[in-house]
Engineer: 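Here you go, one structure.
Letters A, B, ... are given to chains in the order of the sequence lines, protein chains preceding strands, and every chain is numbered from 1.
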Amino acid sequence: MKTANGLKTNTQRQWFLYSSISEALSSASSSKQLSKVHALIITSGLNQSVFFSGRLISKYAHFRDPLSSLTVFDQVALKTNVYQWNSIIRALTHNGLFSKALEYYTTMCKMKVLPDKYTFPSVINACAGLFDFEMSNVVHERAFEMGFESDLYIGNALIDMYARFGHLDKARMVFDEMPLRDVISWNSLISGYSANGHWEEALEMYHRLRLIGLVLDSYTISSVLPACGGLVAVTEGQTIHGLLEKIGINADVIVSNGLLSMYFKFDRLKDARRVFDEMVVTDSVSWNTVICGYSQLELYEESVKLFMEMVDKFTPDLLSLTSVLRACGHLRDLEFGKFVHDYIKRTGCVCDTTANNILIDMYAKCGDLLASREVFDGMKSCDTVSWNSLIKGYFKSGSLDEGMKLFKMMKIDLKPDFVSYVMLLSLYTQLSDINQGKVIHCDITKLGFDSDIVVSNALIGMYTKCGQVDDSLKVFENMKGRDVVTWNTIIASCVHLEDFNLGLKMINRMRMEGLMPDVATLLVILPMCSSIAAKLQGKEIHGSVFKLGFEAEVSIGNALVEMYSKCGNLKHSLQVFENMKNKDVVTWTALISAYGMYGDGKKALGAFSEMEASGIRPDHVAFIAIIFACSHSGLVQEGLKYFNRMKNDYNIEPRIEHYACVVDLLSRSKRLTEAEEFIHSMPLKPDASIWGALLSACRASGDIEIAERASKRITELNSYDVGYYVLVSNVYAALGKWDQVRMIRKSIKTRGLKKDPGCSWMEIQKKFYVFGTGEKFFEQFEEVNKLLGILSDLIAKEGYIADLRYVLHDVEDDEKRDMLCGHSERLAIAFGLLNTKPGTPLQVMKNLRVCGDCHTVTKYISQITQREILVRDANRFHLFKDGNCSCGDHW
DNA sequence: CTAGGGTTAG
């Protein structure tokens, strides 16, 4: 400029000024620099220039300074130029000031400035941002009237707007009618479908786009990845992942974030982790996605660890904070949860409804309901999730009344949703409250929530738990769609009903409907095999565990250990145990129980010590198992030692089950007086299980006085468990007190209870044979009866005398002898002897305890037939061999 | 491109 002065004409000088200002405008890289240029424009008297003011407005908008944009616009006197209007409307829209943008558009129209094709995209964006349907219609019509219906940019904006409104049909219509489309048109539609959960359509459009051969960009990919995730389209997702390398957009943060999210939706931790580790640049979204993903996979500790790592690099935002809060809830880490909450408050971060809901849930899960309530009460607007979370918290902490009170309050504020009802059903399931459950079922039907799968699943579960399996089946059959949980629940119902045939049928139906069993399915089926000792089915399921890839699941391993041991195959059980890489307290408990059932108390004790040495803390179930094992091996001192250890070493308060185990331990070893003293010294009120344990032992040892006292106590307790009445009745029968027997039978009837009929069963060459007590209608009945007669004579010669106390009916002694011969386990054993080759070991299962007389008889039979006979009764295994039993008479 | 409450199993 120095040298130019004087040499140039005015016009030349003017041109020079224009071009240098123009250049300065272009190169300004901040709002501050821009305001300097702005000042220069004003001093040069060029602020009315249409050319500069428009560019200033846009440039200010670019630097997120819409106020300066407005200042420039307001200083422009000449407001008839559409370029100025377009600039300001675009500037406002760009900065999210949508209503202001629409205001300016309206003013523009009032001032009779005719919009052009550049006006509409911004105005449409503003309508989209405001969700202003009315205005959107007006604007769309106007653009159409002005003949812009085939404009690419307007079309793209319209697609985007309708997609945001969720009006995918309209978006699709605009798209279909466009004569010319670019990749943005496709992206807008695909992302619209994706964002609204129309995943199939999103993928379909993506495929069409691929066919056309238009070049994709990172936006296309980040729109289609959620669709793959949503559909769990693993192969598709991997193909797209592979494609990224080829088209060279694999380094894009947004794309990588999409991949991360997708792999987490596939539950593919390894793939997600690989994407994350290979990312050169990460942003807070990447970290949030990973933290959240770990949380969803229930890897909460990892999730918190990642959060800690993230904090070094990025300031955590609301999403990171809530993700880690969620983990705190699951980890029951109240302290850290509080710390994060404090951090949120300290940094002035404003929680939205979702974040507050997570806080409510976190505090509720940690049992701090006061804090939950405080968050709830401080919320400006609550939704159903807020209410549900709080109510669930009260239910879980046992404050049922408070929870119900809140539920009633909730109904005044807003409508409970299906989750609220699922929660109520779950509550009544736990309480086994069929009456309240039925009331809720009525409400559910009225409100139409019964069409929801989850609700139906909860209903099935509720009816099953309350023993109304018929109603479970009714709900089940009426369902239109069923998911894995439905099948798991209904199979569990069959197990509950002990209708194993129906259970197996259901498993087949599940297969027919094409549903793959999940871990929970196997966790339902395996115990079913355990309880009926279905060795072969159990083995088959063990095979499918590998096929389904569940072999690393600890819970599956635990169920297998139990299955093999309960099916009489201790060897396989131990094998599974040894092969398990990860063992938890349940695994060890299964092993201890297995040894206990086989009467190997020493090995059970060894296993318990090994468990402790491996650093696993026994829980109350482990103590039940070890005391049970001691009891069944006559290890009284050891049993008592462990009973004391649970409180002293592990601070576990003994429950009624533990006291029952100790009573069993003492009385099984004929220390009845001690057992009775123990009952009187216990801090809990003895229930039927306690007196029952004492009474069963009295029956075996014949202590009349204690038996009568225990019987009286049980009768007083008015238990609804039929087993105890039967026990009492059996004791009176053994004593010959038939009047009492009749009285007990009557009270069983008046209570509407039904006696569990005794039965035994065995598997011979893949077929199950079931024998009821005194049953006469089975094949080979004559032969079985004849064999039992021969055996009776043979064992009598060996010194056997029938123990008639085990006959529960008031009949003549001869008839009593016959009745003993009709005991189901004897029928099964005789049947087994007849139908297997000499020397073959027999295995018999029985649903109740083996009676004393059968126990003696089986010992004799094992000797004279030279057979190993393995009998599983309700409690344990008895291995009869050469006239002895493995239980050492501690049964 | 990232977030919340619910059902089965133990």
Engineer: When you get a sec, tell me which of B:dA3, B:dT7, B:dG5 is the closest nucleotide to the side chain of A:Thr354?
Structural biologist: B:dA3
Engineer: Using a 4.0 Å heavy-atom cut-off, does A:Asp417 contact any base of the nucleic acid, only the sugar-phosphate backbone, or nothing at all?
Structural biologist: base
Engineer: Quick one: label A:Asp252 by what it contacts on the DNA or RNA (base, sugar-phosphate, nothing), any heavy atom closer than 4.0 Å.
Structural biologist: nothing
Engineer: So, A:Trp287 and A:Thr282: side-chain donor and acceptor under 3.5 Å apart, yes or no?
Structural biologist: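 There is such a pair between these side chains.
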Engineer: Just call it for A:Leu319: base, sugar-phosphate, or nothing, with non-hydrogen atoms closer than 4.0 Å on any strand.
Structural biologist: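 The answer is base, as A:Leu319 lies within the cut-off (heavy atoms under 4.0 Å) of a base atom.
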Engineer: Which nucleotide, B:dT7, B:dA3, B:dC1, lies nearest any side-chain atom of A:Ser426?
Structural biologist: B:dT7
Engineer: Taking atom P of B:dG5 as reference, at what distance in whole Å does atom CG of A:Asn356 sit?
Structural biologist: 14 Å
Engineer: Taking CG from A:Asp450 and P from B:dT7, how many angstroms apart are they, rounded to a whole number?
Structural biologist: 19 Å
Engineer: Given B:dT7, B:dT8, B:dT2, identify the nucleotide with an atom nearest to the side chain of A:Lys265.
Structural biologist: B:dT2
Engineer: By nearest atom, which of the nucleotides B:dG5, B:dG6, B:dT8 is closest to the A:Thr384 side chain?
Structural biologist: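 That would be B:dG5.
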Engineer: With a 4.0 Å cut-off on heavy atoms, is A:Asp383 in touch with a base, just the backbone sugar-phosphate, or nothing at all?
Structural biologist: base
Engineer: Could you state the atom-to-atom distance from CG of A:Asp619 to C1' of B:dG10 in whole Å?
Structural biologist: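 Interatomic distance, CG of A:Asp619 to C1' of B:dG10: 11 Å.
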Engineer: Any heavy-atom pair between the side chains of A:Val183 and A:Leu216 that's under 4.5 Å?
Structural biologist: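 The answer is no; the side chains never approach within 4.5 Å.
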Engineer: Give one of base, sugar-phosphate or nothing for A:Val485, where a contact means two heavy atoms less than 4.0 Å apart.
Structural biologist: base
Engineer: If you look at every strand shown and take non-hydrogen atoms under 4.0 Å, does A:Tyr421 touch a base, only sugar-phosphate, or nothing?
Structural biologist: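 No contact at all - A:Tyr421 keeps every heavy atom at 4.0 Å or more from the nucleic acid.
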Engineer: Could you check which of B:dC1, B:dT8, B:dG5 has an atom nearest any side-chain atom of A:Pro226?
Structural biologist: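 The answer is B:dC1.
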Engineer: Indicate, with a heavy-atom threshold strictly under 4.0 Å, whether A:Ser555 touches base, sugar-phosphate, or nothing.
Structural biologist: nothing
Engineer: Check the side chains of A:Asn356 and A:Thr353 for a donor-acceptor pair under 3.5 angstrom, ignoring hydrogens and angles.
Structural biologist: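 No, because no side-chain N or O of A:Thr353 sits under 3.5 Å from a partner of the opposite role on A:Asn356.
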Engineer: Please tell me which of the listed nucleotides, B:dC1, B:dT7, B:dG5, lies nearest to the side chain of A:Ser222?
Structural biologist: B:dC1
Engineer: Is any side-chain nitrogen or oxygen of A:Lys465 closer than 4.0 Å to OP1 or OP2 of B:dA9?
Structural biologist: no
Engineer: Can you tell me how far apart OG (A:Ser472) and CD1 (A:Ile460) are? Round to the nearest 0.5 Å.
Structural biologist: 6.5 Å
Engineer: Could you give the CG-to-P distance, from A:Asp283 to B:dC1, as a whole number of Å?
Structural biologist: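 So the CG-P distance, A:Asp283 to B:dC1, works out to 13 Å.
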Engineer: Round to a whole Å and report the spacing from CE of A:Met262 to C1' of B:dT2.
Structural biologist: 15 Å
Engineer: Write down the distance between NZ (A:Lys365) and C1' (B:dG6), rounded to a whole number of angstrom.
Structural biologist: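 In whole Å, B:dG6 C1' lies 10 Å from A:Lys365 NZ.
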Engineer: How close or far is atom P of B:dT2 from atom CG of A:Leu259, stated in whole angstroms?
Structural biologist: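 Taking CG of A:Leu259 and P of B:dT2, I get 12 Å after rounding.
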Engineer: Starting from P on B:dC1, measure out to CZ on A:Phe276 and report it in whole angstrom.
Structural biologist: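 Spelled out: CZ on A:Phe276 to P on B:dC1 is 19 Å.
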Engineer: Where the side chain of A:Cys292 is defined as all heavy atoms beyond and including C-beta, which of B:dC1, B:dT7, B:dA3 is the nearest nucleotide?
Structural biologist: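 Selected nucleotide: B:dA3.
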Engineer: Tell me yes or no: between the side chains of A:Asp417 and A:Asn388, is some donor less than 3.5 Å from an acceptor?
Structural biologist: yes
Engineer: Of all the choices, B:dG6, B:dT7, B:dA3, which nucleotide is nearest to the side chain of A:Gln296 once you look at every atom?
Structural biologist: B:dA3
Engineer: Closest approach to the side chain of A:Pro527, judged atom by atom: which nucleotide of B:dG6, B:dT7, B:dG10 is it?
Structural biologist: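 The listed nucleotide nearest to A:Pro527's side chain is B:dG10.
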Engineer: I'd like to know whether CZ of A:Phe339 has more than 12 heavy-atom contacts from other residues, nucleotides or ligands below 6.0 angstrom.
Structural biologist: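 Result for CZ/A:Phe339: open.
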Engineer: Where the side chain of A:Asn288 is concerned, which of B:dG5, B:dT2, B:dT7 is the nearest nucleotide?
Structural biologist: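 The closest nucleotide is B:dT2.
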Engineer: Answer yes if the side chains of A:Asn558 and A:Ser555 hold a donor-acceptor pair under 3.5 Å, and no otherwise.
Structural biologist: no
Engineer: Contact class for A:Ser323 (heavy atom, under 4.0 Å): base, sugar-phosphate, or nothing?
Structural biologist: nothing
